K.L.:
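Quick one: structure below, then a few questions.
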Amino acid sequence: MASQEEKGGRVAIVTGGSRGIGRETVRRLAADGFAVVVGYAGNRELAENAAREVTANGGRAVAVQADIAEEEQVAALFSEAEAAFGGVDVVVNAAGRMHLAPVAELELAELDAVLRTNVRGTFVVARQAARTLRDGGALVTFSTSVVGLAFPTYGAYSASKGAVEALTLVLARELRGRNVTVNAVAPGPTATDLFLDGKDEETVARLASQPPLERLGTPEDIAEVVAFLASPAGHWVNGQVVRANGGIV
Ligand SMILES: NC(=O)c1ccc[n+]([C@@H]2O[C@H](COP(=O)([O-])OP(=O)(O)OC[C@H]3O[C@@H](n4cnc5c(N)ncnc54)[C@H](OP(=O)(O)O)[C@@H]3O)[C@@H](O)[C@H]2O)c1
């Protein structure tokens, strides 16, 4: 059981905290003094490593398994945050899934899996966040710049993230009077498993050359944007989709 002193300070839940953008967000928010709950789906060891790295640097973190599309698991994730650290101020829903296929060839089972994690999962996490976040808090959801870029083969993924954007903008208005912000971050191509898996070098190089800044995004680039939205300095940004993509069009 944590002491009252240990329960003070701001608290963040980061889903998808075991890898990629979520993992870097854990690091970044911990550096800002947040106690962090590292959510993950199956990679227990990576999630525990992420939490251990925070505690080794003098911060506070625990790893908790929760499929974001499962109501009871998400409720338990939030309960763990409250039990360990006393409440929740920031929720970053970085967990996500991608499947690429032309619409004409799309397997509906793959579509269902993408929608389950990205749409249902975001709703389940957002609903719990709406019920739980403390005064001054922030929810950050994840879209993708592909919603605007409309790359072929991204139909299922892009449609799922279009839904995330719509939900995010509505929830920001529903939380009137709560002093809680709700924003989506929409990265462009970012060097993580989700982006790199299954792509050959040429495809990666072509996508990396597209933004005027002429490189891929890094998890650090995106974690900085999340940290700003989670901070008091970013609190006037509300009900927005922030396209963090090096200027790709
Ligand atoms: N990388 C890009 O280019 C890019 C661009 C635009 C948007 N995004 C979005 O940014 C977010 C982070 O992406 P990423 O590139 O960092 O992905 P990633 O490296 O593939 O990591 C995905 C994370 O999500 C977790 N996860 C997946 N399904 C889950 C579920 N059902 N419940 C709970 N956790 C689940 C994974 O946990 P385990 O490790 O336990 O499997 C992992 O921590 C995603 O929403 C993605 O759509 C990424």
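Order of appearance sets the numbers: ligands from 1, and atoms from 1 within every ligand. Here the structure is a predicted model, which is why all the values come from computation and not from measurement.
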K.L.:
Determine whether any heavy atom of Leu46 lies closer than 4.0 Å to an atom of ligand 1.
P.N.:
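So Leu46 does not count as touching ligand 1.
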
K.L.:
Quick check on Pro189 - does any of its heavy atoms sit under 4.0 Å from an atom of ligand 1?
P.N.:
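Heavy atoms of Pro189 do come under 4.0 Å of ligand 1.
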
K.L.:
Answer whether the closest heavy-atom distance between the side chains of Phe85 and Arg10 falls below 4.5 Å.
P.N.:
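Phe85 vs Arg10: side chains apart.
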
K.L.:
Heavy atom of Gln65 under 4.0 Å from ligand 1?
P.N.:
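Flag not set, Gln65 not near ligand 1.
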
K.L.:
Would Arg28 and Glu24 pass as an ion pair if we require N to O under 4.0 Å?
P.N.:
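No salt bridge links Arg28 with Glu24.
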
K.L.:
For Arg97, is at least one N or O under 3.5 Å away from an N or O on ligand 1?
P.N.:
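No, since none of the N or O atoms of Arg97 sits under 3.5 Å from an N or O of ligand 1.
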
K.L.:
For ligand 1, is any non-hydrogen atom under 4.0 Å from Ala47's backbone (N, CA, C, O), its side chain (CB onward), both, or neither?
P.N.:
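Ala47 to ligand 1: no contact under 4.0 Å from either part.
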
K.L.:
Report, in ascending order of atom number, the atoms of ligand 1 lying under 4.0 Å from any heavy atom of Gly42.
P.N.:
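Atoms satisfying the 4.0 Å criterion: 38 (P), 40 (O).
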
K.L.:
Give a yes or no on whether Arg173 atom CZ has more than 12 heavy-atom contacts from other residues, nucleotides or ligands under 6.0 Å away.
P.N.:
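Counting neighbours around CZ of Arg173, more than 12 heavy atoms of other residues, nucleotides or ligands fall under 6.0 Å, so yes.
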
K.L.:
If you measure from each heavy atom of Gly188 to ligand 1, is any distance below 4.0 Å?
P.N.:
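Under 4.0 Å: yes for Gly188.
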
K.L.:
Can you find an N/O atom of Tyr40 closer than 3.5 Å to an N/O atom of ligand 1?
P.N.:
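The answer is no, given that Tyr40 and ligand 1 share no N or O pair closer than 3.5 Å.
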
K.L.:
For Gly20, counting its heavy atoms only, list the atoms of ligand 1 lying under 4.0 Å from any of them.
P.N.:
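Going through ligand 1 atom by atom, the ones under 4.0 Å from Gly20 are 16 (O), 19 (O).
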
K.L.:
Using a strict 4.0 Å threshold on nitrogen-to-oxygen distance, state whether Glu220 and Arg27 make a salt bridge.
P.N.:
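Salt bridge absent between Glu220 and Arg27.
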
K.L.:
Check contact between Ala69 and ligand 1, using heavy atoms of the residue and a distance below 4.0 angstrom.
P.N.:
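No; Ala69 lies far enough from ligand 1 that no heavy-atom distance drops under 4.0 Å.
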
K.L.:
For ligand 1, is Asp67 a contact, meaning one of its heavy atoms is under 4.0 Å away?
P.N.:
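Right, Asp67 reaches ligand 1.
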
K.L.:
Taking the non-hydrogen atoms of Ser143, is any one of them nearer than 4.0 angstrom to ligand 1?
P.N.:
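Yes, that is the case, since the closest heavy atom of the residue is under 4.0 Å from the ligand.
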
K.L.:
May I ask you to say whether Asp221 pairs ionically with Arg215, meaning some side-chain N is under 4.0 Å from a carboxylate O?
P.N.:
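Yes, charged N to carboxylate O under 4.0 Å.
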
K.L.:
Under 4.5 Å side-chain heavy-atom separation, chaining through any Ile, Leu, Val, Met, Phe, Trp or Tyr, what else clusters with Val241? Say none if it is isolated.
P.N.:
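Hydrophobic cluster check, Val241: joined to Leu169.
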
